[in-house]
Every structure is written in C-alpha cells, then in structure tokens.
There are 2 protein chains.
Amino acid sequence: MIGSGGVQADFCTTCTVRPNSVCSVIEPGDISRLAEVAVESIVPPGRGFIEEGAPATDFFNVTSGTVKLFKALPDGRRQITGFAAPGHFLGLAVSDSYAFGAEAVDTVRVCRFSREKMTELLDDFPKLERRLLEEASNELVAAQNQMLLLGRKTARERVASFLLDQMHAGLPPGQDGNGGRLHLPMTRGDIADYLGLTIETVSRTLSWMRAQGMIEVGKGYAITVLSVAKLEVLAAGNG
Amino acid sequence: MIGSGGVQADFCTTCTVRPNSVCSVIEPGDISRLAEVAVESIVPPGRGFIEEGAPATDFFNVTSGTVKLFKALPDGRRQITGFAAPGHFLGLAVSDSYAFGAEAVDTVRVCRFSREKMTELLDDFPKLERRLLEEASNELVAAQNQMLLLGRKTARERVASFLLDQMHAGLPPGQDGNGGRLHLPMTRGDIADYLGLTIETVSRTLSWMRAQGMIEVGKGYAITVLSVAKLEVLAAGNG
DNA sequence: CGGGTAGTTGATGGTCATCAAGGGGGGTGG
DNA sequence: CCACCCCCCTTGATGACCATCAACTACCCG
C-alpha cells in the first residue's frame, strides 16, 4: 500500500468522486480542512488493507476501483458482505476493532482518515454526521436485501439479483447503463462468496442463463444482459 | 394498535428503557421536548405496525416486548432480518418508504415519532444524530454477522449462533445471564425465517442438541443452555 | 368434544456442494 | 518464440444436507 500525504491544497478540489461521497457536504471554503487530514493510498489487486479484528484506526473513502468487504470463519469459509465502489465510505465500526476485512478487487485508490482526525471533522461539520447516517442507512437497506437473498433465494435468483444490482450500481437512479453491458471486476470466486454459493454453481448458473438467452458471457470479466425482464422475473422469485 | 398521546410531562422521565435507547442523549432539562413528540402505542402479538414498501412516516422506539423485522418475496418466502428488543430504534430508512416490515412477536409497546418531528429533534440535538449513527453502525455489524451466518454456516452452526446471541441479547456486556436459561418469545417459524431454514430443520436441530446434552428444551418457549462451550465450538464453524 | 395452532418426528427427494478433470489465457523464463 | 506453470473458469459425476411432504402429539380455546 503506497501512501502519499494529502498536503496539497487542491487535493480534494480535484477529486472526481467528491460529489458522490460524504465529502460533498463540506463547503468549498472548507475543503482545505479535508485535504489536510486525507492521505491517499493506492492498493494493488488482491491486497488487503483492512484486517478483520484489527484495531480500527482509520476510515477510508474509495476514490477508484472496487473493494470487497468480507467476514471469515476460522476454517476459511468466507462471506463477502459487499462490494464498495468509488465514493463509498468504509470503516463505520463503533467498536475499536474492524468487524470486517477489506481487500482490493482491482487497483484501488482510497483516501484514508485517522479516527481522531475524523472525529474532529465530525465535531466541526455537523452535516458530515448527517451524511454518514444517510450512508449507513443505505448500507443497512442493502444488507437487509442481501439477507433476504442469502436466506431465501435460490441460486438462479441470487445470480439474477446480482446481475441486476451490478447494472444499477454506480449509476444515478433512472439510468439503465449502456445496453446491459457489464464489466465485473471480481472473479467467480468473489461472486460465489458474495452470493453464498460455490464457484461451480455460479459458473453453471451463468451458463444456464446464457443457454436461456438471458445473457452473453464474454471474455475476461464482460457480461452482457440481453433480457433485463427475464432476469427481473427470476430475481423476484420465480425461478 | 392503540395510540395514546405523549403529552404527559413525565412520560419520558419515567421511561424504563431510556438509558438503553437513543433518548438517553437528551439532557434531563430537555426531556419535555421528547415527551411532546412521542406517542405511545401498544401492539398485540402478531400485529404488524410497519408495512414493507409503505410510506415511511414514523420512527419507533421499542419500550417493551420483541419486534420482528422482515422482508418478503412476492411468493411469500420471508426473511426475518432481525429481532428488535426494548431500547431498539426503528425506521432508519432514508428513502421515503420502509424497506422492511415490522411485526410484534409478543405484546409490544413502542414510542412513535413522526418523521418531521424527528427531523426537528435532530436539528436541535446534534448528540442525537451521533447516537443514531452509533446505533446504525451496530446494526450494520449485526447485519454482517447475519450475512456470514446465512451465506456460509450450516444449520447446526446457525442454531448454535442464534442461541448464543440470544443469551447475550439485552444484557450489558460481560454478563452471562441467569445460568443459560432462555425465554425465547418467538416461534420456531420465526427462528426458521431468521436463520434461513425451515421449521422442521430448526426443530430437528434443537432435538439433536438436546440429545447431545447441549441444551434442555422446556415447555412453551423455554430453552436452557447446558454447555455454552459446546455451542461456541459449533457456532465458530466446527459442526 | 371439535377445531386450530405449534411442535416433533419420519420418509423422500431436490438443490447445490463436493470431488474431479480439462480448457484457455497470461505471465515468466529458458 | 515457445514451453511451462498457474490461475480462472467450465463442465461432468456423485453425494450430502436440508427442504418438502406427511403423520402424529400436545395444547389452547370455543
């Protein structure tokens, strides 16, 4: 993990994800305060930067790339609890240790804030706290959806739900992306750990969807959704 | 659902769960503000008081009893995302409609706040917002644990985890309850919907644990945990 | 006594995990 | 440049775990 001090005054001014992140609530005049406490890091693919159970010293803001968040059992079984896209805020653990691990899926850039600096910011900018509450509430809704998926949906329903989620991810509401073309940065193993399945089941299910004419599976990490309607029928629980 | 206006000045002063709830951050001198906007309701067992998808007009604070929170699929499959004990705050939906339903398990009393009154309170008492963020963060941690359970644990591991959670629920940390004696207010069906299992599997698993000498299953809703250690081995993933 | 709900236990089957084999792409080193 | 390896993915065969279907008991209330 490469760190570079955020001492430049324009560090946050030029940040492309600021409009989508919690930082957007800081007024332009106060942005320098933000830049003073932010440290940018680049995390290579596969590298972890939050260890489950370790002391929670920092908060993070993803500025580019995709991060996987996960919990693990002693024997190695792993559950990915979410993927964090640019703009996502990480580290909302109240206790003094992280309740989850975080690892870069592809090349990731994050802004790091120390816990104490963050507390100062919260004291000075009440809007920031409100924004964090909003962020946390959104995550709670997502978590509840995921619990429904993990507890009650079949493999096909899970994969369909996942593909639909990915189509809407990172897009403003009401937009449907570019013709259903997806570029998933994560491996089949990651998808499996996210959906509570095995690699083989994910692979088989995607193949089945391809045979049904619902999707096209391209090279690398490309998937094209051909029929959103069919996927929605599946995801809603008819499959 | 029976409503009674919270116009009494001592309404919140005498509230037994205030120390454990978000209301604790309101200074004694300002408690009247709280009492003005709170409306107490009594909800009989099995009655729902938050409907998934309905406009989110109110916030709730559980003052006695147990509430189940759930999401459902069109065909009736249901996932209980959590049980809310006294002191628990409900309704943290950012969007304008509830993302989940809520239903009384046993007889429940709740304090209801209208959304707009709550917003006023948040403006006047910044501490309240911080407390809510704390509450939301705790729920997120619980949600992540539940995702691990639903996605990666076996039936036995799930039931063991559930029983252990119930032993610690509603107790201050470091306390181990009264000799492992539990009084679960929810039915086998509720437990099944919470753990992503069926009624039969929950029942069979409890019978198996009884045969192993881990628990005693009493009449009604009583369960006595005889060996916390064995359950912990199971819950951690050796079963 | 009859009906309804909740729980337990048994028999059977389906869905998905596990075990196993093979293909394809990208990297490194000869 | 090609051989080699490793990782990721796919596909097949088998089996385990848990859902489903079903019967029965206990309990509560009218």
Chemist: Between C/dA17 atom C1' and A/Arg77 atom CZ, what is the distance in whole Å?
Modeler: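 From A/Arg77 CZ to C/dA17 C1': 12 Å.
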Chemist: Please report the distance, rounded to the nearest Å, between CD in B/Glu200 and P in C/dG10.
Modeler: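 After rounding, the reported distance stands at 14 Å.
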Chemist: Give a yes or no answer on whether the side chain of B/Arg152 reaches the backbone of A/Leu197 with a donor-acceptor pair at less than 3.5 Å.
Modeler: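 A pair under 3.5 Å: yes.
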Chemist: If each of A/Ser203 and A/Arg152 is mapped to the nucleotide of DNA chain D with the nearest heavy atom, which maps nearer the 5' terminus, i.e. the 5' end?
Modeler: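 Its nearest nucleotide lies further toward 5', so the answer is A/Ser203.
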Chemist: What's B/Arg210 touching, base or sugar-phosphate or nothing? Going by heavy atoms closer than 4.0 Å.
Modeler: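 If one applies the 4.0 Å heavy-atom cut-off, B/Arg210 turns out to touch the sugar-phosphate alone, with no base involved.
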Chemist: For B/Leu206, answer base if it contacts any base atom (sugar-phosphate contacts may also be present), sugar-phosphate if it contacts only those atoms, and nothing otherwise; contact means non-hydrogen atoms under 4.0 Å.
Modeler: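 Since no nucleic acid heavy atom lies under 4.0 Å of B/Leu206, the category is nothing.
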Chemist: Whole angstrom is fine here: how far is it from CG in A/Leu195 over to C1' in C/dT15?
Modeler: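 My rounded result for the distance is 16 Å.
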Chemist: Taking only side-chain nitrogens and oxygens of A/Thr154, does any of them come within less than 4.0 Å of OP1 or OP2 of C/dT15?
Modeler: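 So the side-chain polar atoms of A/Thr154 never come under 4.0 Å of the phosphate oxygens OP1 or OP2 of C/dT15.
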Chemist: I'd like to know if the side chain of A/Arg77 and the backbone of B/Gly237 have a donor-acceptor N/O pair within less than 3.5 Å.
Modeler: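 Confirmed, A/Arg77 side chain pairs with B/Gly237 backbone.
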Chemist: What is the separation between atom NZ on B/Lys153 and atom P on D/dC17, rounded to the nearest whole Å?
Modeler: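 From B/Lys153 NZ to D/dC17 P: 18 Å.
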Chemist: Given D/dA19, C/dC16, C/dA20, identify the nucleotide with an atom nearest to the side chain of A/Thr201.
Modeler: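 It is C/dC16.
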Chemist: Both A/Lys219 and A/Arg158 contact DNA chain C. Taking the nearest nucleotide for each, which residue is further toward the 5' end?
Modeler: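 Per heavy-atom nearest nucleotide, the more 5' residue is A/Arg158.
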Chemist: Of the options D/dT11, D/dC21, D/dA19, whose atoms approach the side-chain atoms of B/Thr198 most closely?
Modeler: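 Between D/dT11, D/dC21, D/dA19, the one nearest the side chain of B/Thr198 would be D/dA19.
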Chemist: Got more than 12 heavy atoms from elsewhere within 6.0 Å of CD, A/Gln212?
Modeler: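 Yes, CD of A/Gln212 has more than 12 neighbouring heavy atoms, counting only those of other groups under 6.0 Å.
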Chemist: Contact class for B/Gly196 (heavy atom, under 4.0 Å): base, sugar-phosphate, or nothing?
Modeler: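 Sugar-phosphate only.
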Chemist: Under a 4.0 Å heavy-atom cut-off, which of residues 185-192 of chain A touch DNA chain D?
Modeler: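 Contacts with DNA chain D under 4.0 Å: A/Thr187, A/Arg188, A/Gly189.
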Chemist: Can you tell me how far C1' of D/dC8 sits from CZ of A/Arg204, to the nearest Å?
Modeler: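 Between C1' of D/dC8 and CZ of A/Arg204: 15 Å.
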Chemist: Cation-pi between A/Arg112 and A/Phe60: NZ/CZ under 6.0 Å from ring centre and within 45° of the ring axis?
Modeler: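 The answer is no, since A/Arg112 fails at least one limit relative to A/Phe60.
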Chemist: Between P on D/dA19 and CD on A/Glu157, what's the gap in Å once rounded to a whole number?
Modeler: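 My rounded result for the distance is 15 Å.
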Chemist: Examine distances only and state if a side-chain atom of A/Gln79 and a backbone atom of A/Asp193 form a donor-acceptor pair shorter than 3.5 Å.
Modeler: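 Yes.
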Chemist: Among the candidates C/dG7, D/dC18, D/dC9, find the nucleotide nearest to the side-chain atoms of B/Tyr221.
Modeler: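 From the listed options, C/dG7 comes nearest.
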Chemist: Are any side-chain N or O atoms of A/Glu103 and backbone N or O atoms of A/Phe70, one a donor and one an acceptor, separated by less than 3.5 Å?
Modeler: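 Here the side-chain-to-backbone pair does not exist.
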Chemist: Side chains of B/Lys153 and B/Ser161: do they bring a donor and an acceptor to under 3.5 Å?
Modeler: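 On atom types as modelled, these side chains qualify, holding a pair under 3.5 Å.
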Chemist: Nearest of D/dC18, C/dT9, C/dC16 to any side-chain atom of A/Ala155?
Modeler: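 Looking only at heavy atoms from C-beta outward on A/Ala155, the closest nucleotide is C/dC16.
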Chemist: Among the candidates C/dT8, D/dT10, D/dC18, find the nucleotide nearest to the side-chain atoms of A/Val217.
Modeler: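 Minimum distance to the A/Val217 side chain belongs to D/dT10.
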Chemist: Quickly work out the A/Leu197 CG to C/dT18 P distance and round it to whole Å.
Modeler: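 Whole-Å distance recorded here is 11 Å.
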Chemist: Starting at CD1 of B/Ile199 and ending at P of C/dA6, how long is that distance when rounded to a whole Å?
Modeler: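 Taking CD1 of B/Ile199 and P of C/dA6, I get 8 Å after rounding.
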Chemist: Quick check: does any side chain N or O of B/Glu52 sit under 3.5 Å from a backbone N or O of B/Tyr98, one acting as donor and the other as acceptor?
Modeler: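 Such a contact is absent between B/Glu52 side chain and B/Tyr98 backbone.
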